[in-house]
Amino acid sequence: MSEPCTDRPETGGDASGGFVTIEYVLAVLISMVVLVAITNLIVFEYGQGVVRAAVGQGVREGTRTATPVASCQAAAQQVIADLLGGRAGSMGAGVSIACTQAAGRLDATATGRFRAWLKPMPDWSFTSTATAAAEPTP
């Protein structure tokens, strides 16, 4: 005939001893660290794009005025102030822009350093340049 069913002794659960909870917490922690690192990289890319746009705007603006270097500096700093918070912003504080005029052209160079959100990640350092031919003033 058939074998009789044997009852399992009542042990109060599956005897995992709470290891599932610790594994879950560690998995969530690792996932959050990865999410923050990826988000930080996206913010770095945004900041570098803003600086690239700032030097481009600076040389475009500077080539159309009687004071090219001053206009270039002002236009580039305005873009940084609008999109990165300027010198008071956490990202704008790490950016410096210099405009120079030589040999019929206007150059803008920006150097920047964005601080990482997590200590193990390195800071993001970069240089961005733009050049335009200076138009003669009427």
Side-chain angles (χ1 to χ4, degrees):
M1 307 218 168
S2 66
E3 289 186 25
C5 284
T6 59
D7 288 337
R8 244 174 155 180
E10 289 293 323
T11 59
D14 63 353
S16 64
F19 288 114
V20 174
T21 304
I22 292 172
E23 291 168 355
Y24 177 74
V25 169
L26 286 176
V28 168
L29 178 67
I30 291 170
S31 299
M32 293 305 287
V33 168
V34 169
L35 178 67
V36 168
I38 290 170
T39 304
N40 198 186
L41 288 175
I42 291 169
V43 169
F44 284 166
E45 286 292 330
Y46 166 77
Q48 187 175 7
V50 167
V51 172
R52 193 176 312 122
V55 293
Q57 181 66 27
V59 295
R60 278 192 300 276
E61 198 66 37
T63 57
R64 292 180 269 177
T65 64
T67 57
V69 173
S71 297
C72 173
Q73 287 279 124
Q77 289 298 339
Q78 186 61 46
V79 173
I80 297 296
D82 289 346
L83 300 176
L84 292 182
R87 292 281 176 207
S90 63
M91 291 182 76
V95 177
S96 64
I97 298 175
C99 296
T100 57
Q101 183 180 16
R105 70 172 203 243
L106 182 63
D107 298 321
T109 303
T111 55
R113 182 173 176 225
F114 298 144
R115 300 195 75 93
W117 295 346
L118 300 174
K119 291 293 181 191
M121 286 183 60
D123 293 343
W124 185 290
S125 298
F126 61 92
T127 301
S128 186
T129 60
T131 301
E135 298 176 7
T137 55

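As the structure is a computational prediction, the values presented were derived from the model and not from experiment. Along the sequence shown, residues carry numbers from 1.
- Applying the side chain to side chain contact (heavy atoms under 4.5 Å, CB included) test to A132 and every residue at least two apart in sequence or in another chain returns V59, T63.
- Closest heavy-atom contact between L106 and P68: CD2-O, 3.9 Å.
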Identify all side-chain donor-acceptor contacts of residues 72-83 below 3.5 Å with residues at least two apart in sequence or on another chain.
{"unit_1": "Q73", "atom_1": "OE1", "unit_2": "C99", "atom_2": "N", "d": "2.8"}
{"unit_1": "Q73", "atom_1": "NE2", "unit_2": "I97", "atom_2": "O", "d": "3.3"}
{"unit_1": "Q78", "atom_1": "NE2", "unit_2": "D82", "atom_2": "OD1", "d": "2.8"}
{"unit_1": "Q78", "atom_1": "NE2", "unit_2": "D82", "atom_2": "OD2", "d": "3.4"}

Under 3.5 Å, which donor-acceptor pairs link side chains of residues 108-119 to any protein atom two or more places apart or in another chain?
{"unit_1": "T111", "atom_1": "OG1", "unit_2": "S96", "atom_2": "OG", "d": "3.0"}
{"unit_1": "R113", "atom_1": "NE", "unit_2": "D123", "atom_2": "OD2", "d": "3.3"}
{"unit_1": "R113", "atom_1": "NH2", "unit_2": "D123", "atom_2": "OD2", "d": "2.4"}

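- Residue L35 holds its CG atom at 13.5 Å from CD1 of I30, rounded to the nearest 0.5 Å.
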- Quick one: do L84 and Y46 satisfy side chain to side chain contact (heavy atoms under 4.5 Å, CB included)? Show the steps, please. CA-CA 10 Å; L84 292 182; Y46 166 77; 4.0 Å; yes

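- For L29, there are no side chain to side chain contact (heavy atoms under 4.5 Å, CB included) partners two or more places apart in sequence or in a different chain.
- Listed for the R87 side chain is no donor-acceptor partner under 3.5 Å among the backbone atoms of G94.
- Annotation: side chain to side chain donor-acceptor pair (under 3.5 Å) contacts of D107 (sequence neighbours excluded): R105, T131.
- Each of V69 and V55 belongs to its own hydrophobic cluster when Ile, Leu, Val, Met, Phe, Trp and Tyr are linked at side-chain heavy-atom distances under 4.5 angstrom.
- No path of Ile, Leu, Val, Met, Phe, Trp and Tyr side chains, each step under 4.5 Å between heavy atoms, connects I42 with M91, placing them in separate hydrophobic clusters.
- From L41, atom CG reaches atom CH2 of W124 across 6.5 Å, with rounding to the nearest 0.5 Å.
- Scored by the salt bridge (Lys or Arg N to Asp or Glu O under 4.0 Å) test, R52 finds no partners at all (sequence neighbours excluded).
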